[in-house]
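To start, the structure itself, in structure tokens.
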Amino acid sequence: MFDIIGWGALNVDRLCLVNEFAPCDGETFVNRETKACGGSAANTIIGMAKLGLNTACIGKVGTDSNGQMMIDYLKSNNVNIDNIIISEGETGEVIGFVDSTGDRKLYVTPKVNDKILNKEINRDFINNTKILHLTSFVGLNPEDPSIQTQMELLEELSGKIKISFDPGMLYVNRGKEFMDKLISFTDILLINEQELLITTQKDNLDDAISEIEDKVEILVIKRSKEGSIIKKGDEKYNIGIFKVDTVDTTGAGDAYNAGFLYGLIKGYKLDESGIIGSYIAAQSTTKSGATEAIPSINDIDINKILQKT
């Protein structure tokens, strides 16, 4: 039995470090470029594997060198890759620009990520987990099957497996009807503040929370430097941040997911899980790349982390 399986786009991130973003019709220069494995679900799963959990990923990569890089990286972080689909074509790629403050702008090329067919998903494998964690696909062309495959599997698995879901802006921008359907299958919704406001079509956070809180078991709102809010029934917690020297915020939300879901699986209280998520997110920003700075469970003391707040 896996603690968690992640299912979403698998991308190789090309991150270009710049002093500042180029203005409209302007130009700037790249100080340094790095290449790392990414994809929101994979980032979260790698983080949880580093924290000592039994994890796996579902997704599709190409037969190119980027695909092999992704597989090797998942394996090196002890993530099960038995159901990574290898397909003719190119692995998904993200080109990102990160400025001197750690802020980022990302541009996604989905490639084979959008080509996952329903018949390619192993039901026995996907049923063998405590939590299935879902993230978005681009769906660049309407005929690409990955989003429909995800929907079909969610309908099939409804009520059988606990579902955590981080939609990202790609799914949020598909509109309220699309998001309402996905949320109806979701037990744990991990979403940032801007995404929540767009999803609910509300002007303030309190109204947005009221709109969503009864539709999911646990609602987690990530608010960047403002921390996070966790809501479950009558329980509500405001979680602060850990201050670090930020280098790159790429994947910080995914790292928060890793820490929070780790806490839930390990039986920590909701607020404690949020604190763990906040700590892991902060640590993830201290190096370039989404997962390189996420600590190993052997290098941290969870009880000391909880005592710091």
Side-chain angles (χ1 to χ4, degrees), residues 4 6 8 13 15 36-53 55 77 94 96 98-99 101-106 131 133 135-136 164-169 188-196 205 218-231 237-266 268-297 299-309:
I4 190 163
D13 296 340
L15 299 177
C37 294
S40 182
N43 293 341
T44 294
I45 295 306
I46 289 168
M48 297 182 77
K50 286 188 171 187
L51 294 174
L53 297 185
T55 66
N77 282 286
V94 172
V98 183
D99 73 5
T101 69
D103 287 337
R104 63 198 172 93
K105 295 184 178 182
L106 304 179
I131 296 176
H133 179 65
T135 59
S136 62
S164 65
F165 175 40
D166 186 336
M169 197 59 78
I188 305 163
L189 181 62
L190 302 136
I191 191 167
N192 72 37
E193 183 173 356
Q194 183 184 9
E195 292 164 355
L196 182 65
L205 187 55
I218 299 171
L219 172 62
V220 179
I221 305 143
K222 295 173 284 186
R223 307 183 69 204
S224 186
K225 296 176 183 178
E226 300 299 318
S228 59
I229 295 172
I230 302 169
K231 189 76 168 64
Y237 304 100
N238 290 283
I239 309 298
I241 64 170
F242 288 79
K243 293 184 178 180
V244 296
D245 292 327
T246 297
V247 173
D248 177 11
T249 60
T250 301
D254 303 328
Y256 180 101
N257 295 347
F260 179 79
L261 293 171
Y262 167 87
L264 283 188
I265 289 170
K266 286 295 188 178
Y268 288 93
K269 297 175 183 177
L270 276 180
D271 56 335
E272 293 174 332
S273 298
I275 293 166
I276 298 168
S278 183
Y279 177 83
I280 299 301
Q283 293 303 307
S284 77
T285 69
T286 59
K287 294 180 183 178
S288 181
T291 59
E292 282 73 6
I294 293 177
S296 164
I297 191 64
D299 298 327
I300 59 175
D301 185 327
I302 298 294
N303 289 328
K304 286 185 178 179
I305 292 168
L306 295 177
Q307 291 168 8
K308 286 182 180 179
T309 58

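This is a predicted model, so every value here is computed, not measured.
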For a quick test of reading the model, state the closest non-hydrogen atom pair linking [X] to [Y] and the distance between them.
{"X": "N192", "Y": "I221", "answer": "C-CG2, 4.2 Å"}
{"X": "S284", "Y": "I294", "answer": "CB-CG1, 3.9 Å"}
{"X": "T286", "Y": "V247", "answer": "O-CG2, 3.4 Å"}
{"X": "P295", "Y": "Q283", "answer": "CD-CB, 3.9 Å"}
{"X": "E292", "Y": "A36", "answer": "OE2-CB, 3.3 Å"}
{"X": "L261", "Y": "S164", "answer": "CD1-OG, 3.9 Å"}

For Y279, which residues count as a ring pair (Phe, Tyr, Trp, His ring centres under 6.0 Å) partner, sequence neighbours excluded?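 Y279 satisfies ring pair (Phe, Tyr, Trp, His ring centres under 6.0 Å) with F242 only.
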Would you say [X] and [Y] make side-chain contact, with heavy atoms under 4.5 Å?
{"X": "I280", "Y": "K50", "answer": "no"}
{"X": "N77", "Y": "T55", "answer": "no"}
{"X": "I305", "Y": "I275", "answer": "yes"}
{"X": "S224", "Y": "I241", "answer": "no"}
{"X": "I46", "Y": "D254", "answer": "no"}

Please round to the nearest 0.5 Å and tell me the distance separating atom [atom1] of [X] and atom [atom2] of [Y].
{"X": "K225", "Y": "K243", "atom1": "NZ", "atom2": "NZ", "value": "11.0 Å"}
{"X": "I191", "Y": "M169", "atom1": "CD1", "atom2": "CE", "value": "8.5 Å"}
{"X": "H133", "Y": "M48", "atom1": "NE2", "atom2": "CE", "value": "8.5 Å"}
{"X": "F260", "Y": "I230", "atom1": "CZ", "atom2": "CD1", "value": "4.5 Å"}

Could you give me the CA-CA distance, side-chain angles and deciding distance for I45 and I4, then say whether side chain to side chain contact (heavy atoms under 4.5 Å, CB included) is met? CA-CA 8 Å; I45 295 306; I4 190 163; 3.8 Å; yes
Decide yes or no on side chain to side chain contact (heavy atoms under 4.5 Å, CB included) for N257 and N43, but give the supporting numbers first. CA-CA 9 Å; N257 295 347; N43 293 341; over 6 Å; no
Applying side-chain hydrogen bond (donor to acceptor under 3.5 Å, both in side chains), can you list everything that pairs with S278, at least two apart in sequence or on another chain?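 With sequence neighbours excluded, S278 shows a side-chain hydrogen bond (donor to acceptor under 3.5 Å, both in side chains) to no residue whatsoever.
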May I ask you to decide if L15's main-chain N or O and D13's side chain share a donor-acceptor pair within less than 3.5 Å?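 No; judged by distance alone, with no hydrogens or angles, the pair does not exist.
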Taking the side chain from S273 and the backbone from L264, do they hold a donor-acceptor pair closer than 3.5 Å?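 Flag set: sc S273 to bb L264 pair under 3.5 Å.
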Where do T44 and L190 land on the side chain to side chain contact (heavy atoms under 4.5 Å, CB included) test, with the steps shown first? CA-CA 12 Å; T44 294; L190 302 136; over 6 Å; no
D245 atom CG: more than 12 heavy-atom contacts under 6.0 Å: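 Incorrect, the count does not exceed 12.
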Would T135 and D166 count as having a side-chain donor-acceptor pair, cut-off 3.5 Å?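 Checked: T135/D166 side chains show no N/O donor-acceptor pair below 3.5 Å.
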Side chain to side chain contact (heavy atoms under 4.5 Å, CB included) evaluation trace for Y262 with I302: CA-CA 11 Å; Y262 167 87; I302 298 294; 4.1 Å; yes
